[in-house]
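Excluded from the calculations below are hydrogen atoms, water molecules and symmetry mates; all remaining heavy atoms, backbone and side chain alike, are included. Here the structure is a predicted model, which is why all the values come from computation and not from measurement. The sequence lines fix the lettering, A, B, ..., with proteins before strands; numbering per chain opens at 1.
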Amino acid sequence: MSNRTTTAVAPAASATLPTDTGHPARAVSPRTPPGTDAPVSIVWLRNDLRLADNPALRAGVEAAGSSGSTLVVYVLEEAVAPHDHAELHDSAAPRPLGAAARWWLHHSLAALASDLRAVGGELVLRRGTAVEVIPALADEVNASAVFWNRRYTNARNADSTIKKQLTAAGLRAESFHANLLNEPWTVQTGGGTPFRVFTPYWRACLARPEPREPLPGPTSIRAASAPGDALNDWALLPTDPDWSGGLRETWTPGERGAHERLAAFMGDGLAAYHRRDEPAAGGASMLSPHLRFGEISPFTVWEAVRSARRAGLDGQSAHNTATFLSEVGWREFHASILFSLPTLRERNVRPEFDGFPWGEPHPAELAAWREGRTGIPLVDAGMRELWHTGTMHNRVRMVVASFLVKNLLIDWRVGETWFWDTLVDADEASNPGNWQWVAGSGVDAAPYFRVFNPELQATKFDPRGEYVRRWVPEYGTAEYPAALVDLRTTRANALAAYQAMRAAAGVSEDMPGETGNHPRVR
DNA sequence: AGAGAATTGTG
DNA sequence: ACAATTCTC
């Protein structure tokens with residue numbers, strides 16, 4: 001392979017992104033005349049809304065060859081009927097997107113369509129259940145092959161059904177490894193079971209062969225076409241009211257925006273990443289929603305770090321790259337957890353938590369939490385940042401989650417649902433995985449007795465109050481509400497409730513989370 | 001990837 | 001007296 005140093009530091013995309021190629025849209029005759037034998041390949045994009053490092057897209061273009069054409073489709077997947085919890089386990093539908101993610105999806109699809117047009121391609125939009133839509137589309141355009149990049153949620157059940165159907169009908173159906181550095185079944189303990197603790201999991205990942213280099217995107221696509229929905233008709237954007245102003249100020253969805261974020265982070269962010277715990281410092285990479293929608297691949301992120309290391313880093317930055325990559329590792333860890341525990345969103349991983357006395361959430365307290373008026377400055381700052389921007393600093397996420405689950409004794413699933421609706425990076429694995437981590441009910445979870453004190457956290461990580469002042473400008477005036485609850489007494493109550501739960505469940509005196517004391521998973 | 005109390009270390 | 005370390009929840 002040639003030296004990719006420059007392409008990774010100045011984003012790999014700049015060399016391969018279609019918008020930079022100068023190809024006029026439809027430079028190549030895009031239509032395949034009906035009735036010809038020229039092969040049509042379908043590329044079904046899901047959470048991989050990118051051209052660069054997209055093995056399925058690459059395979060589709062290659063399979064079409066010089067005489068055939070490629071149809072790129074995105075399906076807005078919807079369950080046929082509302083399902084109850086009993087059905088969830090077997091469900092093959094992706095979790096319906098929250099409102100912030102719908103906003104992101106709209107703009108990401110618009111960017112993708114534009115990027116595809118720039119190389120002669122076209123994005124076809126369809127809506128419905130994938131097991132119905134994809135085989136019907138293949139039939140409709142007389143496709144000879146269908147390609148996609150694998151996903152690792154319950155929706156993979158739909159994918160395997162579709163693959164069987166297509167193969168039985170004589171089509172080539174092929175899926176690719178593209179969206180995780182390590183597919184869940186490839187990283188296992190010595191005993192052949194999935195890891196349940198992050199540190200050994202990540203150590204095992206690092207001991208594996210280096211992740212591959214990213215693939216270049218296609219420079220030219222002969223588009224096959226088919227009727228499709230208009231993006232606007234999906235009504236993914238909020239109206240009446242349009243609350244997305246803060247999201248627009250904060251984000252640029254799409255592949256180009258993703259690569260710009262990566263370049264900015266590799267340029268300035270990495271040297272300051274050791275200050276990432278300070279929410280006012282702006283030290284986060286801000287890549288999570290781009291990774292969530294697959295606008296950039298983890299291989300491209302990995303390559304950027306690899307080439308920065310090759311170019312030489314000072315000791316601090318070298319240390320920071322390891323920390324940053326381990327955050328990418330957490331994304332993979334949660335994906336592998338969800339792979340083996342499909343009920344992660346619904347069920348406590350540790351069954352003794354089923355006996356925890358979560359009450360009906362007090363409506364006023366829950367509303368105060370959601371709206372950022374609990375009277376606890378750091379909590380309110382975080383919740384307002386979330387509402388305004390669709391994201392929240394990682395440390396503050398832990399603080400607001402701890403406050404909801406422990407100080408307010410509200411079920412983690414209530415908080416998880418709110419984050420699912422409001423976060424642009426809401427991920428089917430990471431969101432419930434991290435909520436269970438905070439609640440103490442998950443794998444490798446924080447011990448329940450770890451109760452964050454929002455005041456101490458603010459003193460430690462926002463010592464000058466910059467973050468709080470940014471989001472809670474009225475703090476210190478009479479307008480700011482009194483604290484919703486007393487932190488000391490609610491902390492004591494939480495610890496007591498935990499003790500009661502443990503006693504009721506007959507849990508041994510070992511600390512939760514210690515090796516060798518992992519409850520059997522249901 | 002805690003907090004807070006208890007204990008030890010230091011001048 | 002006060003900081004650093006250790007222990008418990």
Side-chain angles (χ1 to χ4, degrees), chain A residues 195-203 273-279 281 283-285 288 319-320 322-334 337 349-350 352-353 356-357 376 378-379 382 392-409 412 415-416 419 425 427 429-463 467 483 485-515 517:
Chain A
F195 282 99
R196 289 281 174 261
V197 181
F198 175 74
T199 303
Y201 167 82
W202 190 234
R203 201 182 304 128
Y273 198 59
H274 58 284
R275 294 182 62 201
R276 72 188 195 90
D277 265 332
E278 302 168 38
S285 76
S288 56
H319 176 262
N320 290 352
T323 307
F324 172 60
L325 290 181
S326 79
E327 297 302 328
V328 177
W330 273 99
R331 171 177 177 270
E332 308 243 337
F333 180 61
H334 285 304
I337 294 297
V349 175
R350 294 169 187 253
E352 71 268 26
F353 274 77
F356 194 88
I376 311 292
L378 187 59
V379 171
M392 191 196 307
H393 187 276
N394 172 260
R395 171 151 295 277
V396 189
R397 293 189 197 198
M398 293 190 279
V399 172
V400 303
S402 171
F403 181 76
L404 185 78
V405 169
K406 299 180 178 178
N407 296 95
L408 297 185
L409 289 180
W412 61 265
E416 196 274 343
F419 271 30
D425 64 15
D427 179 86
S430 295
N431 196 48
N434 279 318
W435 273 94
Q436 292 221 44
W437 182 88
V438 172
S441 63
V443 297
D444 194 18
Y448 186 85
F449 48 77
R450 214 179 257 177
V451 181
F452 283 72
N453 179 331
E455 290 172 347
L456 278 181
Q457 291 283 315
T459 304
K460 281 186 194 169
F461 300 108
D462 187 34
Y467 179 76
V485 293
D486 179 72
L487 293 174
R488 276 179 59 104
T489 56
T490 51
R491 176 179 192 276
N493 291 343
L495 291 173
Y498 174 57
Q499 303 278 25
M501 176 195 79
R502 282 165 58 88
V507 177
S508 75
E509 287 310 304
D510 294 334
M511 303 278 260
E514 264 184 277
T515 312
N517 187 33

| field | Heavy-atom pair with the smallest gap, counting every atom of A:Leu378 and A:Ala458 | value |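 Answer, listing the atom of A:Leu378 first, then A:Ala458: CD2-N, 3.8 Å.
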Can you name the atoms? Protein N/O to nucleotides 2-4 of chain C N/O, anything below 3.5 Å, with the distance.
none

Quickly work out the [X] [atom1] to [N] [atom2] distance and round it to whole Å.
| X | N | atom1 | atom2 | value |
| --- | --- | --- | --- | --- |
| A:Met398 | B:dA3 | CE | P | 10 Å |
| A:Leu495 | C:dC9 | CG | P | 11 Å |
| A:Leu456 | B:dG2 | CG | C1' | 9 Å |
| A:Asn407 | B:dG2 | CG | P | 14 Å |
| A:Arg488 | B:dA5 | CZ | P | 7 Å |
| A:Arg491 | B:dA3 | CZ | P | 8 Å |
| A:Gln457 | B:dG4 | CD | C1' | 14 Å |
| A:Tyr448 | C:dT8 | OH | P | 22 Å |

| message | For A:Phe356, give me all partners under ring pair (Phe, Tyr, Trp, His ring centres under 6.0 Å), at least two apart in sequence or on another chain. | response | A:Trp358, A:Tyr448
| request: Sequence neighbours left out, what pairs pass side-chain hydrogen bond (donor to acceptor under 3.5 Å, both in side chains) with at least one residue falling in residues 450-459 of chain A? | output: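 Every pair satisfying side-chain hydrogen bond (donor to acceptor under 3.5 Å, both in side chains) with a residue in residues 450-459 of chain A: A:Arg395-A:Gln457.
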| query | For A:Arg491, what residues pass the salt bridge (Lys or Arg N to Asp or Glu O under 4.0 Å) criterion, not counting sequence neighbours? | reply | none
| query | What nucleic acid atoms does A:Lys406 come within less than 4.0 Å of, heavy atoms only: base, sugar-phosphate, or nothing? | reply | nothing
| Please, which pairs that meet salt bridge (Lys or Arg N to Asp or Glu O under 4.0 Å) have at least one residue in residues 325-334 of chain A, sequence neighbours excluded? | A:Arg276-A:Glu327
| Phosphate OP1/OP2 of C:dT8: any A:Arg450 side-chain N/O under 4.0 Å | no
| For A:Tyr467, all residues meeting side chain to side chain donor-acceptor pair (under 3.5 Å), sequence neighbours excluded | A:Glu385
